[in-house]
Number of protein chains: 4
Amino acid sequence: MPIEHSSSESSIVFDVARFELVRLQTEGLCKPLSTEDYVVQSMPEVSPTKWHLAHTSWFFETFILKPHKRCYKEFDPHFSYLFNSYYNAIGDRHCRQNRGLLSRPTVQEIYAYRAYVDEQLLSMLICGDIPSSGEVALLLEIGLHHEQQHQELMLTDIKHVFWVNPLRPAYVERAACEAATGGASRWIAVDGGVREIGHNGIGFAFDNESPRHQEYVAPLEIASRLVTNGQFKEFIQDGGYLKPEYWLSLGWATVQTEQWNAPLYWFELGGEWFNHTLSGVQPILDDEPVCHVSFFEADAFARWAGVRLPTESEWEIASESVDPTQGVFAESGIFHPGPAAERPGLQQMFGEVWQWTSSAYSPYPGYHPGKGALGEYNGKFMCNQYVLRGGSVATPRTHIRRTYRNFFPPATRWQFSGIRLARNL
Amino acid sequence: MPIEHSSSESSIVFDVARFELVRLQTEGLCKPLSTEDYVVQSMPEVSPTKWHLAHTSWFFETFILKPHKRCYKEFDPHFSYLFNSYYNAIGDRHCRQNRGLLSRPTVQEIYAYRAYVDEQLLSMLICGDIPSSGEVALLLEIGLHHEQQHQELMLTDIKHVFWVNPLRPAYVERAACEAATGGASRWIAVDGGVREIGHNGIGFAFDNESPRHQEYVAPLEIASRLVTNGQFKEFIQDGGYLKPEYWLSLGWATVQTEQWNAPLYWFELGGEWFNHTLSGVQPILDDEPVCHVSFFEADAFARWAGVRLPTESEWEIASESVDPTQGVFAESGIFHPGPAAERPGLQQMFGEVWQWTSSAYSPYPGYHPGKGALGEYNGKFMCNQYVLRGGSVATPRTHIRRTYRNFFPPATRWQFSGIRLARNL
Amino acid sequence: MPIEHSSSESSIVFDVARFELVRLQTEGLCKPLSTEDYVVQSMPEVSPTKWHLAHTSWFFETFILKPHKRCYKEFDPHFSYLFNSYYNAIGDRHCRQNRGLLSRPTVQEIYAYRAYVDEQLLSMLICGDIPSSGEVALLLEIGLHHEQQHQELMLTDIKHVFWVNPLRPAYVERAACEAATGGASRWIAVDGGVREIGHNGIGFAFDNESPRHQEYVAPLEIASRLVTNGQFKEFIQDGGYLKPEYWLSLGWATVQTEQWNAPLYWFELGGEWFNHTLSGVQPILDDEPVCHVSFFEADAFARWAGVRLPTESEWEIASESVDPTQGVFAESGIFHPGPAAERPGLQQMFGEVWQWTSSAYSPYPGYHPGKGALGEYNGKFMCNQYVLRGGSVATPRTHIRRTYRNFFPPATRWQFSGIRLARNL
Amino acid sequence: MPIEHSSSESSIVFDVARFELVRLQTEGLCKPLSTEDYVVQSMPEVSPTKWHLAHTSWFFETFILKPHKRCYKEFDPHFSYLFNSYYNAIGDRHCRQNRGLLSRPTVQEIYAYRAYVDEQLLSMLICGDIPSSGEVALLLEIGLHHEQQHQELMLTDIKHVFWVNPLRPAYVERAACEAATGGASRWIAVDGGVREIGHNGIGFAFDNESPRHQEYVAPLEIASRLVTNGQFKEFIQDGGYLKPEYWLSLGWATVQTEQWNAPLYWFELGGEWFNHTLSGVQPILDDEPVCHVSFFEADAFARWAGVRLPTESEWEIASESVDPTQGVFAESGIFHPGPAAERPGLQQMFGEVWQWTSSAYSPYPGYHPGKGALGEYNGKFMCNQYVLRGGSVATPRTHIRRTYRNFFPPATRWQFSGIRLARNL
């Protein structure tokens, strides 16, 4: 996994404080959970919380401690099998869809595993004596970004675990939102031409954001804000889920098979729409962004609206006017998207909800995955998935970038995923 | 569920001590478990321990407290939905195969539910003032036998939960068994003729053991002891799992689909057979009874051996010479069957392992299930299942009877089920 | 497959005329078919007509010509693989559910195969010179009964093939039936006691009808005629398919999964019930026997009616007063059951529709399947099936017997299967 | 479905000769078939030959005769339901995967349907009197290209039907090929820059080839010829199907699930590779292009070879030096790809085998599907499919174009699909 910025051995600084902070944030997300909540896998795509806690530690153990720490003694030889996610180069692994069948190791044992890995890694970083310190620094950074990805998954996964439970537990209490008014969406012009797309090598990026390369993009207009629940209700009321003409063929088949009639987590009760949130059941507010829609629904909505989704290049170019650190991220503790503000210019580009693009997830021209197991991080998934951009209320603020490419299969709904529209000039 | 013995209101005595004992025994079985162990459902047929704890309490709440206790306030209105197993007459219920998806209610909440039900029931029984005390006494007895059935299931289910875990945890420590010698099996003659089969009405029985009725049984011989691991190994070595001629057609299809090559919980390691037990991985001892075989395997073994399984009537008649309270039951705390003793006469008829009979589970002539929800207890399952007799090391001693009819589909292996042979004269 | 009657070599007479007749009858059933009709397999249980034509010939080739004819040259070496149904002892075979994927051999080639087998077999029988002529005579008889079984299956299978086709073709034209009145059903007493059950060895029987043995049967009453469409409509109107209390647990699960709301081939059109028959779509006549119901539906109907199905022993004893050759069989060319006559005594015991009994299909005491491949004919299917008695409008008259045990899994509906009721005294 | 070239009403010429020719060619492809061959559907993606014959006629009936011919009387009202492929706007339709369950209409009836449609259409075209003749001319052209697509499918489908048959029938006899030597592949440079991609509006094109638009393409090199069987054997011998590092994650999962170890239709016999062709079983010749590989295999092969597949834009630009009418197409009657010639420049770009590109099938910028049912022709399938270019030995010569975009899901293998490599400069 080639990181773009070069690193000279003489100047390596391990960001120990960031390591401690990220690791603590992970455990902080578990505060509201009971022991039982850590165990359950509510569908194959969801992992139990305790698996996330262990897997992120396994990552540091496997890629840093084992190859780079002298005389490192692994915590438990079974863990390499149990907590490998998908790295074929590391060896066999426990079947993904059976993660919820493991009562052991217990939650307490997994916290002990985390503590052990932390202690071993910190002692290594602080004492120095690391032959390939530049490589380790990079691996550390990857490991922390990897852990932040799992922080987001822990939130989306526990949301689903609570959803399948008829008791509908809440993860955090939240003051009831007032119905704000987000103002109308406007069309913002985006210039075309041959443009540079992809990461410029300053700071960290995943390998799939490289190489930076040229693309011809035609001029377009992009919506100033996200599609709202209110707009999506109009789509539903207009028979959006009943008319095949709005849907891709695979999308229509999914609507039929899964009997979709609204976004995930929506349900009707006495003629009113409610949704399941991380703060329990809440009424659906019209000015909040629609969330938990699949690519199929995003695409169908756009077709119904007579416009389209942006490509990922268009989105990236449009985003150049916006500061990626501004937005509602996981650190806010709100875990639910809110209405747009009343102000000019592009809004809600970062944080709030991931935005489906019309781009199939493909390698950039000249892309090469790295050598070894970490080369499996991104490249091998470039098939039958679509790119999402911008991060969500469950994404850590320090994790997102303008060039960040998230990706999921087109029927995926349990992520915080929404819709931004675009149109041709 | 008509219980055979009549009961006059004047003489009702509630067996409060037995109630307290059985309820305590259930919780005693949970002592070795960590909180996480209570949550997991390792296959659709298995229920999480915490479900068993709640469901057995739901049984008393639903059939005694709600209909018979004045002003009873139910513990939680969701529990009727969550912890109903299969009683259509009680209403909708949570899907059986999704029991492992529920992290809530927590284990602690379920123990609180148990305590509440116990307290409410005991106050009712002790204070008296029960309009239909005869009916309540019967329901209480059914409820306790029902709870004992779930005690056995808790053991067989946790054994499976630990089996699917690569860490192979042990439920209880056990001293390593010495290889005892059980002596050869002998053929014991059983007289034929028109015989009485079924429960005689003295003491408790489930409705499926009635009515007592006449059957013509031809004289036969029955094996003095259970088939051993050593004998079953011979079957394996002789290609038992490779030759279709020994198998029922459905059995052979199951062997192919499930890739069976030994009883459940057996595995080969370095040329030796081991098995997973409630005391962890143990070598397989030749003189112990073979266990965790399906009806298909029992039937195939018998055909390979040139003999057959007994019918349930034959088994019941043969058992008349044996005391049902003698045997290794759950109270022993051993949870694993052992070798037969060297002595004349029928051995291992009760306790040790359930014995597959060749009898499809059918209603006795004149059988009528009871009125209402409890009529669903047995009768509706009389299809595509086979009868097992005798109880196992996981059965409470006070639960078994000579006329007791256990039943499972023919491919079932996770119960403590074994083989006794019979032959025609 | 031990046939009960003894046979002395000196007196062997091959029934050449019967051979020619049965083989001709098979081909006669194909007269109404177009070439395309021979090819289709509408569900896994159904076989294409051309497969039936070939398999019945394969039977004679495999069990008589190959082992018993000197210098026999097989027609096509592939056919042993293609047209073996389920005989493991004969070798590998083409997968049952893929029979409809074979366009070749063509229909014409299969008729050539039939002609070849006929010619070879007739020349062998007529010229004599058969070392083990007694065995061959038995095999010939089995082969013809086997062929007659497939004659019935050809009819039930083509009925299903035409059913899945929206054009709803008819197999034969039939004059529209007038609505006859069959008169009420009466209860006929049947004596109990220790009775002889099974085939007495006079004439041909399959091995599963043996040995003749004693059974104790309690006295009962049996319905004088079959349950009618009119009675079954009452069951439907009373919510029969909506109330779990009438159903076995597996039956209720099947109703839910398959969304059954009437017998197979019934459909409602403008408030009227119609059914698909071998003569195309016809209105449902109230006095005709209900047909194409599963064991589950037969059992549920009986429970709804407050009575029960007879056991197979009870049915056999009751049938002793009736002549098995009287009834509407395949030779009538009607292929649809009709109303009972107005007369005293048991009616509709033979022909019309197969009658589900409450008996799981089990071996008779002392049963032994024959040696070799033909031992697979019956015994290995004795699991999770139920016995039907009496034959149907699709059964050849010379094929049925009082002791004949037909068997199908309890959810089976595409056979001509109906209901006769019984009750305890 | 907007066809790019404008058409003025005054100058409409119906190409009656082409209509007659294409329709005849379709029937000509059926010459080698027996009636039974027309009926079978060997997997859900395959359609029976008689379905293709009917569906292509349904296309003309539905889109031309019904809306445009005065007083047109449809041939059979059931056919609209039976022979609609996927047009939701036309109404309900028979389930695709059940096309092989229909014995009726017979082959003869379908030929009568074809004759009727031909006669009706020709009388309409020749007599004139067509209000919207420009639209009809376009529809006619689309209908003929549609029919040519089905000509190719008829060949690939019957190849599969014969493959699943253990008799391995041949479709046409063919002289055994001599092992020719195709010479080495060379790298041909392709210039980059902002280029025009898509159809230029001269002559017919499908809507997915439009609009012509600008794309930036980096300079590259493309292989002068197709990957050969010999090269693919090296991949196999090097463990290509055993090493996950060459595969996309979904591809590797498919290899495991489907147990792929070679291209479709390959099998090993006595240490030699053979393949099933439309001329029966043939030895695999090293210099022939590898065929019947999925996108997953093409992509894995390229990764193993250290290079990559071209994008569809790269392929299109590279093809500009080649004449699309030169190549081995369906008209040759060979139906099997052959070795490349020894000559400079790009070879085998058209005909031989479809070439997988690395491009997910997406809409071109500014793409709009047409109005009405024909708008469903292409656009709704733009998800989870990959683009193939160039045509094959089963493609009619007059059907292919430089800008033609064929598309299939990445696991598809039953088309004549192969591999051309590319690499970055």
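Order of the sequence lines fixes the chain letters, A, B, ..., with proteins taken first and strands second; residue numbering starts at 1 for each chain.
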For the [atom1] atom on [X], are there more than 12 heavy atoms of other groups (residues, nucleotides or ligands in this structure) within a distance under 6.0 Å?
| X | atom1 | value |
| --- | --- | --- |
| A:E331 | CD | yes |
| A:Q97 | CD | no |
| A:Q256 | CD | yes |

Among the listed options B:H94, B:M43, B:K50, B:H78, the residue most often paired with chain A at heavy-atom distances under 4.5 Å: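 Between B:H94, B:M43, B:K50, B:H78, the count favours B:H78.
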Of all of B:N98, B:L82, B:D76, B:V161, which one pairs up most often with chain A through heavy atoms under 4.5 Å apart?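 Top count of heavy-atom pairs under 4.5 Å with chain A: B:L82.
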Please check this pair: side chain of B:N165 against backbone of A:R104, looking for a donor-acceptor N/O pair closer than 3.5 Å.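 It does hold such a pair.
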Please check if the side chain of B:E36 supplies one atom and the backbone of A:V107 the other of a donor-acceptor pair under 3.5 Å.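 A pair under 3.5 Å: yes.
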Could you tell me which of A:V164, A:T35, A:L33, A:T106 has the largest number of non-hydrogen atom pairs under 4.5 Å with chain B?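 Top count of heavy-atom pairs under 4.5 Å with chain B: A:T106.
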Nearest-0.5 Å distance that lies between atom OH in B:Y38 and atom OG in A:S103: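 These two atoms lie 12.0 Å from each other.
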Quick one: closest heavy-atom pair of B:P166 and A:L102, and the distance?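 Heavy atoms of B:P166 and A:L102 come nearest at CD-CD2, 3.7 Å.
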Taking all atoms of both residues into account, what is the closest heavy-atom pair of A:V39 and B:V40, and its distance?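 The pair with the smallest heavy-atom distance is CG1-CG2, 3.8 Å.
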Please classify the contact of A:P169 with chain B as side chain, backbone, both or neither, using a heavy-atom distance under 4.5 Å.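 Contact with chain B involves the side chain of A:P169 alone.
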Under a 4.5 Å heavy-atom cut-off, does chain A meet the side chain of B:Y81, its backbone, both or neither?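 For B:Y81, side-chain heavy atoms alone lie under 4.5 Å from chain A.
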